[in-house]
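This report refers to the structure that appears directly beneath it.
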There are 2 protein chains.
Amino acid sequence: MKNHQPIPTPQDQAAANRALKRQLPGRLLTDKDSRFRASLDNLRLSVMPNAVIRVQNPDDVGTVLRLATRYRIPLTSRGAGSSATGSAVPIRGGWVLDLTALNQIKIDRVARMATVGAGVVTADLQAQVEAQGLFYPPDPSSKKYATIGGNIACNAGGMRCVKYGVTRDYVLGLKGFFADGNPFTLGLPLKKYASGLNLRDLLIGSEGTLGVITSADLKLIPKPEKRWTGMFAFKSEAAALKAVVALFQAGLNPSILEFLDRQSVACAEQYTGKPVFAGQPRSAILLIELDGRPAEVRQQRKGLHTIMEGRAVAQREARTEAQAEKLWQVRRTCSQSMFSLADTKLNEDVVVPIEKQAELIRYTLVLKKEIGLATPTFGHAGDGNLHVHIMYNRASQADAEKAKVGIHKLMKKVVELGGVITGEHGIGLAKAPFMSLQHSPAEIAAMCAVKKALDPLGILNPGKIFEVFEVWDHELIDLRLPWDHR
Amino acid sequence: MKNHQPIPTPQDQAAANRALKRQLPGRLLTDKDSRFRASLDNLRLSVMPNAVIRVQNPDDVGTVLRLATRYRIPLTSRGAGSSATGSAVPIRGGWVLDLTALNQIKIDRVARMATVGAGVVTADLQAQVEAQGLFYPPDPSSKKYATIGGNIACNAGGMRCVKYGVTRDYVLGLKGFFADGNPFTLGLPLKKYASGLNLRDLLIGSEGTLGVITSADLKLIPKPEKRWTGMFAFKSEAAALKAVVALFQAGLNPSILEFLDRQSVACAEQYTGKPVFAGQPRSAILLIELDGRPAEVRQQRKGLHTIMEGRAVAQREARTEAQAEKLWQVRRTCSQSMFSLADTKLNEDVVVPIEKQAELIRYTLVLKKEIGLATPTFGHAGDGNLHVHIMYNRASQADAEKAKVGIHKLMKKVVELGGVITGEHGIGLAKAPFMSLQHSPAEIAAMCAVKKALDPLGILNPGKIFEVFEVWDHELIDLRLPWDHR
């Protein structure tokens, strides 16, 4: 996948901008502030686009793509920009397509489906859906900001995937436009669909490289009647992760199963000045949610306590929403407090088989010793999706070099364990160097052939997924983004 | 998608056969009986292949594909051959790849996953999985014969999709070979995976046109503890389908929700000589299964009865497995007894939105009048997937012509109603004439570009999906296949 990206001449870019202003008056923004805001995502690598286009309705996208095709303008689609991988960064310049105004929500209670614009914020959809007694489970941690379009672009996950699956599992239909500006309808708001090649799922997770999605038909399920949350402390990570295995062996079906290692918990305890569990400082922790009908939750809770007896050294239960919120605050504090270790956090959303998680945790400690940087880890233990963090100070060239070595070693280990280098963030720029660890040359060639089939001019989000990009060689921007807790 | 199919010369075909015999001794069958059995599927259109290759292990497939690429031999993969659409018919001759020997099953109870060969029979997998307290929900009606490879090739559905989804929803990873013989691993036995373009889901439902799948990692879920089955009679189809809507409005979540129209029920009653419901002959029927934990099933059952009161004119409940089996027998009898109307059945697995089902049923009666052929309809009312049957006598040229007109009209109506021409059978040959009703030229062009990207020589299951094929112009074979009830 080389060199078929467009590099428009300044003349072509100017002509394209003029044509766009003529065809879609009022959409093109070229002021520095707008361009800067569209120049970066949560990776904080900033590359200025030539202009930002604020889409007002789906058909605008077709017009933009026809012009982008005619003048060979690179086009990067964008929602909130909360991507962790740089996938929303316009590294070849050109146009950024801002889809946030496509924020319509239509809910069909009988069919249990919602049709939503690409710019709808995930948490907004969830609130509207739940008000109707229904449930949209995918819950990436950025859900208060992230858009459905972005969720689909990287096949976002979250905490409830252990029971409910990922974004892909809820997408029935997609509307949008191919690279040449022709509209597509891929799938429909129907529960079964077996007609033609499945381009719908090809586009899900393709990070804006194959087409531009303007709306999606999403599947909804009945809202669980009851939720129960419990937090359990363990002497060691191994003990906590053995409990995870035991829980599945016993047939339990938790809706959330989060794990926090001792490094993470120690950060939180240092930050707040008190132990999470009195008398059991620096424990490894499992945070568990059960949901369903009341009788089901009761039965599962009983089973859970049987398993935890003799394994957990302390526990706490939430009987109210407010108490549950307090337990979740522990998880959030762990995430924030890591910045007491260093100013920069590499957050790697790796996945390994459930029974290999203990081995991965052991390896994070080996790595910590080898590279001399903290490696606090927490994550979704119910699906083997652990967020391994490598903490370093950006100003230190030596630390940055160690972090770089660390991440390469980590990725190699993950693949060795039968895992995947990204479970919910996608590849973007940050993971591109590891593609060849995960996929064979034939697999990558097949992906590139498919990319070329759907985007022969290479105008859609060029430079992502397939080109090795060393984030390390670029300066990152230090600024506060809406979702930063710090 | 024209003319890039291979037409090997007899010399090339002979050379390919010789090379195959040398490289994989004992796999090549050229006797007439073996070739005849591989020449057809449930569509009963027979086209003889040059030879059948009985794969003994996955690597054989790579060898076969390398030779097929070298000599440009058309290659049609095959499991049980229960496809309803002709997708397993080798209409360009060449080789048929028989994958039924790839029948290994490996179950991981903790991870809740199974790794299964493409040749595993779906019901065999289900039995093994259920013995371990787990559940693999997809249940195409051919499950006692159909293979997992075939299920994946057409993204098979079945009765439990209303609650549990289709085959695609359970596929985590695929192993197999690209057209050029290079092996692939697409996805892994992990619950989250966001690396690279999603070729896994592109291959699911692609009917063997993009690659050959040799094994799959499948997701399993906890086995429901309890099941309850009930059957309800209604004065009209409209009343039954209104009850379906009411049931979803009330938040119920049935695991099966089958509908039988009065034409279907009348067939069964004529066949058995007694009414399904005494005193209520020729009713429309809903067959409903609830599953889950006992308390959940009890609660749902109560809700269901509240809805059915005043809507259903009669009802029957199963309290034991044997009683439930009797209720299911009604459904099966409907299917068999239709052959009392005529000797040939067109079974169209169309899908329309839930609330449009009553309109579709009204249309089947308009159609019945217009074409003068019976149109008994039953199916999966929980996901709008109704099997509309058009019954005709094959010997009558006039009737065949009427059936042909009828199916075209039906497909047009389905698309008008916002539906899809196939929900679980796929396109194959039989639905190919209707692709342009469902998909725009740009969508079809994109599918063809993707097909060409992954199979540039056009050797994989050539002639399917994209080429208009008039089944009517071909003679069908009258023979008994293993899954025939008649």
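A, B, ... follow the sequence lines: proteins, then strands. Residue 1 opens every chain. Because the structure is predicted, anything quoted here is derived from the model rather than measured.
No donor-acceptor distance shorter than 3.5 angstrom exists from the side chain of A:Lys464 to the backbone of A:Ser206, with no hydrogens or angles considered. Not one N or O on the side chain of B:Glu443 forms a donor-acceptor pair closer than 3.5 Å with the backbone of A:Leu186. In terms of modelled atom types and a separation under 3.5 Å, the side chain of B:Asp455 and the main chain of B:Ala179 share no donor-acceptor contact. In this structure a side-chain-to-backbone donor-acceptor pair under 3.5 Å is present from B:Thr167 to B:Ala156. Remark: the backbone N or O of A:Ser87 is paired with a side-chain donor or acceptor of A:Asn461 at under 3.5 angstrom. Without hydrogens or angle criteria, A:Arg293 side chain to A:Glu225 main chain gives no donor-acceptor distance under 3.5 Å.
Looking only at atom types and distance, the side chain of B:Asn385 has no donor-acceptor partner in the side chain of B:Asp383 under 3.5 Å away.
B:Phe178 touches chain A through its side chain: at least one heavy atom from C-beta onward sits under 4.5 Å away, while N, CA, C and O do not. Contact annotation for B:Val166: only side-chain heavy atoms (C-beta onward) come within less than 4.5 Å of a heavy atom of chain A. Both the backbone and the side chain of B:Val162 come within less than 4.5 Å of a heavy atom in chain A. Within the 4.5 angstrom heavy-atom criterion, only side-chain atoms of A:Glu355, from C-beta onward, approach chain B. Heavy atoms closer than 4.5 Å to chain B are found nowhere in A:Leu203, neither backbone nor side chain. Contact of B:Glu424 with chain A is made through backbone and side chain together, with heavy-atom distances under 4.5 Å. In this structure, the portions of B:Leu202 lying under 4.5 Å from any heavy atom of chain A include both its backbone and its side chain. The contact between B:Glu296 and chain A is made by backbone and side chain atoms together, counting heavy-atom distances below 4.5 Å. Contact of A:Leu252 with chain B is made through the backbone alone, with heavy-atom distances under 4.5 Å. For chain A, no part of B:Asp349 is nearby; none of its heavy atoms comes within less than 4.5 Å. With a threshold of 4.5 angstrom between heavy atoms, B:Pro222 approaches chain A through side-chain atoms but not through N, CA, C or O. Only the side chain of B:Ile354 comes within contact range of chain A, with heavy atoms under 4.5 Å apart. For a residue to count as touching a neighbouring chain, one of its non-hydrogen atoms must lie under 4.5 Å from one of that chain's; by this rule A:Gln132 does not touch chain B. At a 4.5 Å heavy-atom cutoff, B:Leu134 makes no contact with chain A through either its backbone or its side chain. For chain A, no part of B:Pro441 is nearby; none of its heavy atoms comes within less than 4.5 Å. For B:Ile427, the parts lying near chain A are the backbone and the side chain together; criterion is any non-hydrogen pair under 4.5 Å. Contact of A:Thr185 with chain B is made through backbone and side chain together, with heavy-atom distances under 4.5 Å.
For the salt bridge (charged side-chain N to carboxylate O under 4.0 Å, His left out) criterion with B:Asp291, the lone passing option out of B:Lys163, B:Lys223, B:Lys226 is B:Lys163.
Top candidate by heavy-atom pairs under 4.5 Å with chain B, chosen from A:Lys219, A:His380, A:Arg112, A:Glu207, is A:Arg112. Of the residues considered (A:Asp180, A:Leu199, A:Leu210, A:Leu247), A:Leu199 shows the highest number of contacts with chain B, using heavy-atom pairs under 4.5 Å. For the options B:Gly133, B:Gly158, B:Ala445, heavy-atom pairs under 4.5 Å to chain A are most numerous at B:Gly158. Note: A:Asn253 leads A:Val244, A:Ile465, A:Asn253 in heavy-atom pairs under 4.5 Å with chain B. Most heavy-atom pairs under 4.5 Å with chain B: of the set A:Cys161, A:Gly196, A:Ser440, A:Gly205, this distinction falls to A:Gly196. The choice from A:Arg200, A:Gln299, A:Met113 that makes the most heavy-atom pairs within less than 4.5 Å of chain B is A:Gln299. Ranked by heavy-atom pairs shorter than 4.5 Å toward chain A, the options B:Gly423, B:Ala453, B:Ala442 are led by B:Gly423. Chosen from B:Ile444, B:Val351, B:Ile221, the residue pairing most often with chain A at heavy-atom distances under 4.5 Å is B:Val351. The greatest number of non-hydrogen atom pairs below 4.5 Å with chain B, out of A:Leu190, A:Val450, A:Asn182, is found for A:Leu190.
Shown here for B:Tyr193 and A:Asn155, the closest heavy-atom pair between the two residues is O-ND2, 3.9 Å. Closest approach of A:Gln438 and B:Leu188 over heavy atoms only: NE2-CD1, 3.8 Å. Heavy atoms only, all atoms of each residue included: B:Val414 and B:Ile421 are closest at CG1-N, 4.3 Å.
Rounded to the nearest 0.5 angstrom, A:Leu386 CG and A:Leu241 CG are separated by 7.0 Å. Rounded to the nearest 0.5 angstrom, B:His439 NE2 and B:Phe466 CZ are separated by 8.5 Å.
Relative ring orientation between A:His425 and A:His387 is described as tilted, the plane-to-plane angle lying within the 30° to 60° band.
Taking 4.5 Å as the limit, some side-chain heavy atom of A:Tyr164 sits within range of a side-chain heavy atom of A:Ser255.
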